[in-house]
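Take a look at the structure below.
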Amino acid sequence: MSSPFAVLFDVDGTLVDTNYLHVHAWARAFREENIDVESWRIHRSIGMDGDSLVANLSGDASDAVQQRLKDRHSSLYQDSTDLIVRLPGSRELLHHLAERGVRVVLASSAPEDELAITRKILDSDDAIAAATSSKDVDTAKPDPDIVEVALKRAGVPAEQAVFVGDAVWDGEAATRTGVPFVGVRCGGVADSELEKAGAQAVFDDPLELLRRLDITVIGAHLHGDVHPKK
């Protein structure tokens, strides 16, 4: 690579298998408050800024109820952390990139305590150059602020970065910042929705992305070629 290059990664549903744990925790929290929200609607909101998720799904719930929902979700999710596992190839992909001089950044909008748990499970801190969390911005994805913070910490402009994520919110945040977006299916979102959100390519999981890296915009940067192979 002729100049510094970074790959920004979403974490939940992209590198670690947490999306459905979040869905279950939110579903229980809503039901305890007697708010009817179907699980599929919750799943479609995973990856969105937490405040926005609660506001969108709880209707006209008071501020006090919304705060209880967030607190209860956090508590229930913490109770399920022993079920979290790395998604296939996540650790290998992070190290593969870092060993080739790529600045690997976790562009997460999760709370710091949740991020600490997933970082421990990833066991890849030696490959990670920087990370973000919910404390870094007022409003997270799909607002582009978290991507802008990640770029600043990586020390690269948008054209020298790629964002990898599993949610439409990742794609919207990345493309609004001018960062190419690569999608993964392991968060449970359809190819068509990821592509509509700007995904240049979609892979099953980090392992398939690693195996097919050369055909992506990431591989093009690694080889100093502006055009990925077909």
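Computed from a predicted structure; not experimentally measured.
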Interatomic spacing from CD in E148 to CG in D136 - rounded to 0.5 Å
12.5 Å

Give a yes or no on whether D60 atom CG has more than 12 heavy-atom contacts from other residues, nucleotides or ligands under 6.0 Å away.
no

Hydrogens and angles aside, do H43 and N19 bring a side-chain donor and acceptor to less than 3.5 Å of each other?
no

Answer yes or no: is there an ion pair linking R41 with E38, defined by an N-O contact shorter than 4.0 Å?
yes

Applying salt bridge (charged side-chain N to carboxylate O under 4.0 Å, His left out), run through R185 and D191 and close with a yes or a no.
CA-CA 7 Å; R185 303 181 184 98; D191 289 27; 2.6 Å; yes

To the nearest 0.5 Å, what is the distance between OG on S75 and CG on D79?
5.0 Å

Please walk me through it: do R176 and E172 pass salt bridge (charged side-chain N to carboxylate O under 4.0 Å, His left out)?
CA-CA 6 Å; R176 287 170 67 180; E172 290 180 14; 5.5 Å; no

Anything under 30° is parallel, anything over 60° is perpendicular, the rest tilted; go ahead and classify F181 against F163.
tilted

Sorted by first residue and then second, give each ring pair (Phe, Tyr, Trp, His ring centres under 6.0 Å) pair with at least one member in residues 66-92; sequence neighbours left out.
H22-H73, H22-Y77, W26-H73

Pairwise distance CG(L210) to OG1(T216) - rounded to 0.5 angstrom
10.0 Å

Could you go through H96 and R100, starting from their C-alpha distance and side-chain angles, then the distance that decides it, and tell me whether this counts as side-chain hydrogen bond (donor to acceptor under 3.5 Å, both in side chains)?
CA-CA 7 Å; H96 177 86; R100 282 151 185 78; 3.3 Å; yes

Quick one: CG on L93 to CG on L209, what's the gap to the nearest 0.5 Å?
5.0 Å

Inter-residue atom distance N56.CG - D49.CG, 0.5 Å rounding
9.5 Å

Spell out, yes or no, whether L76 and I84 are grouped together once hydrophobic residues are joined by side-chain heavy atoms under 4.5 Å, including indirect joins.
no

If you count the non-hydrogen atoms of other residues, nucleotides and ligands that lie under 6.0 Å from NE2 in H95, is the total more than 12?
yes

Are V217 and V104 linked, directly or through intermediate hydrophobic residues, by side-chain heavy-atom contacts shorter than 4.5 Å (ILVMFWY only)?
yes

Can you tell me how far OH of Y20 sits from CG of D12, rounded to the nearest 0.5 angstrom?
13.0 Å

If hydrophobic clusters are built from ILVMFWY residues whose side chains come within less than 4.5 Å, do L53 and V189 share one?
yes

Begin with the C-alpha distance, continue with both residues' side-chain angles, and end with the deciding distance and a verdict on side chain to side chain contact (heavy atoms under 4.5 Å, CB included) for L151 and V179.
CA-CA 9 Å; L151 287 172; V179 177; 3.9 Å; yes

Presence of salt bridge, R31 and D36, under 4.0 angstrom:
no

For L69 and F30, run side chain to side chain contact (heavy atoms under 4.5 Å, CB included): C-alpha distance rounded to whole Å, both residues' side-chain angles, the deciding distance at 0.1 Å, then the answer.
CA-CA 7 Å; L69 285 166; F30 281 117; 3.6 Å; yes

If we check side chain to side chain contact (heavy atoms under 4.5 Å, CB included) with F9, which of these qualifies: L122, I128, L97?
L97

For E112, side chain to side chain donor-acceptor pair (under 3.5 Å) partners two or more places apart:
none

Given the options D123, D17, L15, R86 meets side chain to side chain contact (heavy atoms under 4.5 Å, CB included) only with D123

Tell me if the CZ atom of R44 is crowded by more than 12 foreign heavy atoms within 6.0 Å.
no

Pairs flagged by salt bridge (charged side-chain N to carboxylate O under 4.0 Å, His left out) wherever residues 67-77 is involved - sequence neighbours left out
E32-R72, E33-R68, D51-K70

Hey, any chance V7 and I215 share a hydrophobic cluster, counting ILVMFWY side chains that come within less than 4.5 Å of each other, even indirectly?
yes

